There are 2 protein chains.
Amino acid sequence: MNIFADNIEAMTAYVPGEQPGSTHGVVKLNQNENPYPPSPAALAVLRQFDGQSLRLYPDPMAKRFCQVAADVLAVKADRICVGNGSDDLIIMIARAAAGRGRPVVTTEPTFPFYQTQAQIEAANFIAIPANDDFTIPIDALGQANGAVTFLANPNSPTGATATTDQLDWLARRLDGLLVVDEAYADFADENALKLVDKHDNVVVLRTLSKGYSLAALRLGFAVAPPPIMAGLIKIKAIYNVGALPAAVGAAAMADRQYHDQCVAKIVAERSRIAMELARRGFTVYPSGGNFLMVALAGGGGRAAYEALKARNVLVRYFQKDRMSDKLRISVGTPQENTVLLAAIDADGIGSRQ
Amino acid sequence: MNIFADNIEAMTAYVPGEQPGSTHGVVKLNQNENPYPPSPAALAVLRQFDGQSLRLYPDPMAKRFCQVAADVLAVKADRICVGNGSDDLIIMIARAAAGRGRPVVTTEPTFPFYQTQAQIEAANFIAIPANDDFTIPIDALGQANGAVTFLANPNSPTGATATTDQLDWLARRLDGLLVVDEAYADFADENALKLVDKHDNVVVLRTLSKGYSLAALRLGFAVAPPPIMAGLIKIKAIYNVGALPAAVGAAAMADRQYHDQCVAKIVAERSRIAMELARRGFTVYPSGGNFLMVALAGGGGRAAYEALKARNVLVRYFQKDRMSDKLRISVGTPQENTVLLAAIDADGIGSRQ
């Protein structure tokens with residue numbers, strides 16, 4: 001017999017965005033990484049960290065980090081549960097709440113990790129297609145009434161962002177858990193934090209990977225109402241976050257000026273390249289994230305991805321339904337974005353129609 | 001209805017070993033932490049780490065770390081799967097292999113995390129009591145024939161250690177997976193690494209928390225045969241180990257001289273305090289770990305724990321079957337152990353009979 005359960009044996013491994021061996025000379029716009037370095041204050045904490053203390057187990061709840069995050073977001077510290085990246089919290093929620101006889105629901109296209117978790121849990125998984133204009137299909141998500149509804153908001157790769165009012169309606173409509181994955185909320189106009197106070201079934205996920213330039217640190221957290229916090233604490237691995245992420249992450253979150261400056265630069269560049277790409281014949285979808293989804297008038301997303309890669313510009317192409325004519329392009333520094341636009345012009349990519 | 005599945009709602013949260021707010025003046029022998037600091041070479045890597053690089057996602061497989069670990073352990077690098085502590089790998093295995101209609105099996109007493117994971121998976125959990133002398137009940141574990149058998153070896157809190165020959169027999173006897181959790185193998189005479197080459201159903205888990213003084217780094221790994229590796233890669237969160245643990249952990253493992261010196265000091269002290277405690281009337285169980293389980297002739301484990309705590313010596317008392325007369329005492333530095341023995345003498349703990 002198989003060692004692993006049949007649903008695991010049947011799975012295929014996810015292929016993450018490519019990582020060049022050296023980033024030297026490569027404009028890397030394929031994983032929605034922040035183009036700016038982490039906060040200098042956070043890097044100072046890293047340099048001054050007392051390595052000797054690593055011999056002792058860390059604080060299971062990372063209370064000092066939670067207090068900083070709570071102050072920054074104006075929520076209560078005891079409503080924050082840390083994770084080894086927000087992936088860890090998605091796993092916890094899938095384990096705790098999937099398979100209740102009702103489906104695990106999300107939209108499509110979106111972050112594929114929700115589906116992976118539903119598969120591992122052998123849950124009934126339903127992916128509601130995005131609307132024709134790739135906005136979030138709020139009504140249909142409500143009708144599906146999942147045991148868990150995972151909604152990346154802003155969504156990746158589309159950039160589509162439901163309003164807080166829409167999420168408020170959805171939370172009321174659902175009997176199960178609404179998980180609003182706000183990995184990209186730093187770059188958006190609105191967020192769902194206030195819904196955690198209003199609804200017992202809303203969890204907001206945050207990460208330091210994007211807005212704080214700390215993808216390799218692995219630190220995320222959930223903001224959740226008390227009954228959901230109680231469940232998360234039971235299911236979380238006791239020491240799921242190390243002392244280094246907790247200390248460095250707290251300093252990064254506390255440095256508001258640096259965060260806000262980086263975000264402002266990225267949002268400004270998002271506007272600039274949206275306009276530049278539209279001028280070149282791309283359909284540019286509105287984005288609340290640090291990336292843009294664009295469609296090529298004549299199709300050929302893969303060919304465009306490959307042409308840009310040949311010029312050392314990495315963007316993301318997804319081989320899936322409705323995405324064959326599209327690219328997802330992370331917003332880089334002004335210099336990187338200018339290289340991107342020059343590469344597009346050199347190959348005449350936008351005007352292929 | 002409940003937000004979470006009934007098996008989650010029914011769980012109680014695990015209470016980890018207590019962590020004093022300050023370790024100043026406290027002899028902390030309650031979490032089997034290594035009393036020596038991490039390798040100076042590892043701390044140098046931490047100090048020199050390029051914090052700017054944290055903005056990029058880490059290598060999903062931590063290949064550089066795996067190569068170092070493979071060289072040290074004389075195994076193939078592609079048989080190593082990293083985890084956010086070995087807890088992460090225990091979770092992965094529970095998710096992949098529990099609930100196949102056969103039980104999740106372990107011995108008792110042991111690391112409670114196996115049971116927690118079985119509960120979260122709503123698996124049929126069987127805990128085989130340790131033999132009367134607290135050795136590992138190998139025959140009974142074989143008869144139970146679990147879908148997964150988790151065996152901490154050396155076992156905590158007992159210190160009992162099955163021989164490689166016993167594990168070889170057990171692996172052949174089992175149809176399911178045998179997970180040999182070698183968190184404490186650094187301090188033992190034997191380990192099961194060679195069984196990974198011999199059996200398709202053996203996974204060995206290692207951690208840097210104990211032998212490498214890096215409990216707060218959160219880094220563990222599995223050594224597994226190819227079919228099991230394939231399953232672990234499918235189920236693992238893509239970026240489950242950050243760049244800092246991978247870099248610092250690799251340097252710690254590469255520093256053999258420091259590791260071997262620390263281990264030798266701990267093993268020597270384990271012998272010394274075993275003898276000293278036996279002289280004071282304790283029953284001392286043989287231990288392959290960096291700790292000793294001891295029984296008080298007159299019972300009263302909790303009272304002894306509290307008396308030592310009042311003298312700022314923290315040891316571990318477990319409120320469970322067969323443990324009311326016992327303590328688990330981590331091996332500290334010679335100075336710490338001498339403080340422990342003096343506190344025992346001051347309270348006359350061993351001679352209470």
Side-chain angles (χ1 to χ4, degrees), chain A residues 1 3-5 8-9 11-14 16 19 23 31 33-34 36-38 42-43 46-47 49 51-60 84-85 87-88 91 95-97 99-100 120 175-177 201 213-218 227-228 231 233-235 237-245, chain B residues 1 3-5 8-9 11-14 16 19 23 28 31 33-34 36-38 43 46-47 49 51-60 84-85 87-88 91 95-97 99-100 120 175-177 201 213-218 227-228 231 233-235 237-245:
Chain A
M1 70 176 288
I3 289 282
F4 290 137
I8 307 298
E9 297 283 355
M11 284 174 64
T12 51
Y14 173 70
Q19 298 174 312
T23 51
Q31 289 195 292
E33 290 149 331
N34 195 310
Y36 299 105
L43 296 184
L46 176 58
R47 273 193 308 278
F49 188 87
Q52 311 258 335
S53 69
L54 289 173
R55 75 174 185 87
L56 299 173
Y57 280 95
D59 172 13
N84 180 37
D87 289 356
D88 191 22
I91 291 172
R95 297 184 80 193
R100 309 293 313 282
I120 293 172
D175 296 315
L177 204 55
N201 64 335
S213 308
L214 288 168
L217 191 69
R218 313 311 301 136
I228 294 176
I233 290 170
K234 284 194 281 190
I235 209 162
I238 299 152
Y239 305 109
N240 63 330
V241 167
L244 285 162
Chain B
M1 69 176 286
I3 289 284
F4 290 139
I8 307 299
E9 297 283 354
M11 284 174 64
T12 52
Y14 172 70
Q19 298 175 312
T23 52
K28 189 169 184 304
Q31 289 195 294
E33 290 148 332
N34 195 310
Y36 299 105
L43 296 184
L46 176 59
R47 273 194 307 278
F49 188 87
Q52 310 258 334
S53 69
L54 289 173
R55 75 175 185 87
L56 299 173
Y57 280 95
D59 173 13
N84 179 37
D87 290 355
D88 191 21
I91 292 172
R95 297 185 80 192
R100 311 292 314 280
I120 293 172
D175 296 314
L177 205 54
N201 64 335
S213 307
L214 288 168
L217 191 69
R218 312 311 301 135
I228 294 176
I233 290 170
K234 284 194 280 189
I235 209 162
I238 299 152
Y239 306 109
N240 64 331
V241 168
L244 285 162

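Note that the structure is a prediction, hence the values are computed from the model and not measured.
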- Message: Please find the pair of heavy atoms, one from B:Asn240 and one from B:Asn84, that lie closest to each other, and give the distance.
- Response: O-CB, 3.4 Å
- In short, A:Gln31 meets A:Gln19 closest at the heavy-atom pair OE1-CG, 3.8 Å
- Query: Who are the salt bridge (Lys or Arg N to Asp or Glu O under 4.0 Å) partners of B:Asp87, not counting sequence neighbours?
  - Reply: B:Arg218
- Item | N/O donor-acceptor pair under 3.5 Å between B:Arg55 side chain and A:Asn34 backbone | yes
- Item | Spacing of B:Arg95 atom CZ and B:Ile235 atom CD1 [to the nearest 0.5 Å] | 5.5 Å
- Query: Using non-hydrogen atoms only, which part of B:Pro227 is less than 4.5 Å away from chain A: side chain, backbone, both, or neither?
  - Reply: backbone
- Could you tell me which of B:Pro58, B:Ala243, B:Gly231 has the largest number of non-hydrogen atom pairs under 4.5 Å with chain A? B:Pro58
For chain B, which of [options] has the most heavy-atom pairs under 4.5 Å?
options: A:Tyr239, A:Phe49, A:Tyr36, A:Tyr57; result: A:Tyr57
options: A:Ile233, A:Leu56, A:Ile238, A:Leu43; result: A:Leu56
options: A:Gly176, A:Gly85, A:Pro60; result: A:Pro60
options: A:Asn201, A:Leu217, A:Leu214, A:Val241; result: A:Leu214

